[in-house]
Amino acid sequence: MAKRLIVLSLVLAMLAVIVTGCGQATSGGKGKLVGVTMPTKSLQRWNEDGANVKKALEAKGYKVDLQYADNKQETQNSQIENQITKGCDVLIIASIDGGALGGVLEQAKKNNIPVIAYDRLITNTENVDYYATFDNYGVGKMQGEFIVQALGLDKGEKGPFTMECFGGDPGDNNAYLFNQGAMDVLQPYIDEGVLVVKSGQTKFPDQIAITNWESKGAQDRMDNLLTAYYADENIDVVLSPNDSLAQGIVASLKSAGYGTASKPFPILTGQDCDKINVGQIIRGEQSMSIFKDTRILADKVIEMAEAILEGKPVPTNATYNNGVKDVPSFNCEIKFADKNNWKELLVDSGYYKLSDIPGAE
Ligand code: BGC
């Protein structure tokens, strides 16, 4: 009996150690410093990403050094160098030019600091440990499929419909994946003559990239396309990979007189569900936008960082090849918003308040 009691109290003592140990593990962020670098404040999404990651890390007891780089990779590299010097325990990086971080990440490696690429893949270096993102190829595919369904091409509609294609920044690996996903769906219809790209410009990045994802760049290119190719005929479809480009495209369409019965807005895609663009969807100026819930991405990247710091298995469900290695990755789920579901998806879910969206109330 005495022996049994000793065994029992030993077991209880061990359990207590395990329980307290776990308790410490969940609040284990205490004292640890996480370096977070985001590309720019000029786009709504990165402000939200930065704020969400910071808030979620701080709630777990981490300290956070959050930096924005004004879309300049050299600036971001010196911010990362500073974070290494400050002794950050993990680096979470949303890069600008994903192929230009090799040098600074060598320093991170020398200091044994794990690196997680955030949303955008960091390429051409061994020294990136994990990647947390959304299904980037899936974004383009969903945009392509939206166009196909909106025009009824899947039901045999033959058009022909006029279309122009836009691509993102050539330094951003995602831009290639968005383009690939969309073109894999649309190219067969272009080959068949059902979709007609009057400019003939479909090659990414050579012909359709927009530097730094700038609205102004998209507006200028759309102005040129409308003048050169659509003086006598309306444009029916514009493939835009994201919302900053879609803002410029809408501005151009409006100044060319689109938005009337004889000149209706073309089908126009987007991504990010920026507040301005949700307003554009409500007013019928933009057809859809891919919704990437940055709260989910923030939670996932933090789960990954914690697992790394605690030596536990890191959650992954995909790999991305960065030119040098297969980076273990997590793809978060995407959805799309259009005129039918934007309220349910974006407001009822608590992502936005109705008053956040211009023109919604
Ligand atoms: C992101 C998009 C964003 C774009 C421009 C991409 O890497 O995945 O969500 O619209 O950058 O900032």
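Residue numbers start at 1 and run along the sequence shown. Both ligands and their constituent atoms are indexed starting at 1 by order of listing. Every value quoted in this text rests on a predicted model; they were computed, and no experiment measured them.
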Identity and separation of the nearest protein heavy atom to atom 8 (O) of ligand 1: Asp119 OD2, 2.7 Å
Output the list of atoms in ligand 1 that are nearer than 4.0 Å to some heavy atom of Asn242, sorted by atom number. 3 (C), 4 (C), 5 (C), 10 (O)
Taking the six-membered ring of Phe330, is the NZ or CZ of Lys300 close enough (under 6.0 Å from the centre) and on axis enough (within 45°)? yes
Closest heavy-atom contact between Ala94 and Pro39? O-CD, 3.4 Å
Does the cation-pi check pass for Lys263 over Tyr258, that is, NZ or CZ under 6.0 Å from the six-membered ring centre and within 45° of its axis? yes
Does Asp184 reach the side chain of Tyr137, with side-chain heavy atoms less than 4.5 Å apart? yes
What are the atoms of ligand 1, with element, lying closer than 4.0 Å to any heavy atom of Lys292? 1 (C), 2 (C), 8 (O), 9 (O)
Identify the protein heavy atom lying closest to atom 11 (O) of ligand 1, giving its residue, its atom name and the separation to 0.1 Å. Arg120 NH2, 2.8 Å
Does any part of the side chain of Val64, heavy atoms only, come nearer than 4.5 Å to the side chain of Glu58, both counted from C-beta? yes
Quick test of your reading of the structure: of Thr294, Asp272, Asp274, whose heavy atom lies closest to atom 3 (C) of ligand 1? Asp272
Nearest atoms (heavy-atom pairs only) where Asp293 meets Tyr351: OD1-CE1, 3.4 Å
Near Leu43, which atoms of ligand 1 are under 4.0 Å from a heavy atom of that residue? 5 (C), 12 (O)
Are side-chain heavy atoms of Gln76 and Gln67 found at a separation under 4.5 Å? no
Applying a 4.0 Å heavy-atom criterion (strictly less than), which segment of Trp46 is in contact with ligand 1: side chain, backbone, both, or neither? side chain
Ligand 1 and Asn136, any nitrogen or oxygen pair closer than 3.5 angstrom? no
Short list, please: which atoms of ligand 1 are under 4.0 Å from a heavy atom of Phe178? 8 (O)
Check this for me - ligand 1, Ser244, N or O atoms closer than 3.5 angstrom, yes or no? no
Asp172: numbered ligand 1 atoms lying under 4.0 Å from its heavy atoms: 6 (C), 7 (O), 11 (O)
Ring of Tyr229, cation from Lys198 - is the NZ or CZ under 6.0 Å from the centre and inside 45° of the axis? no
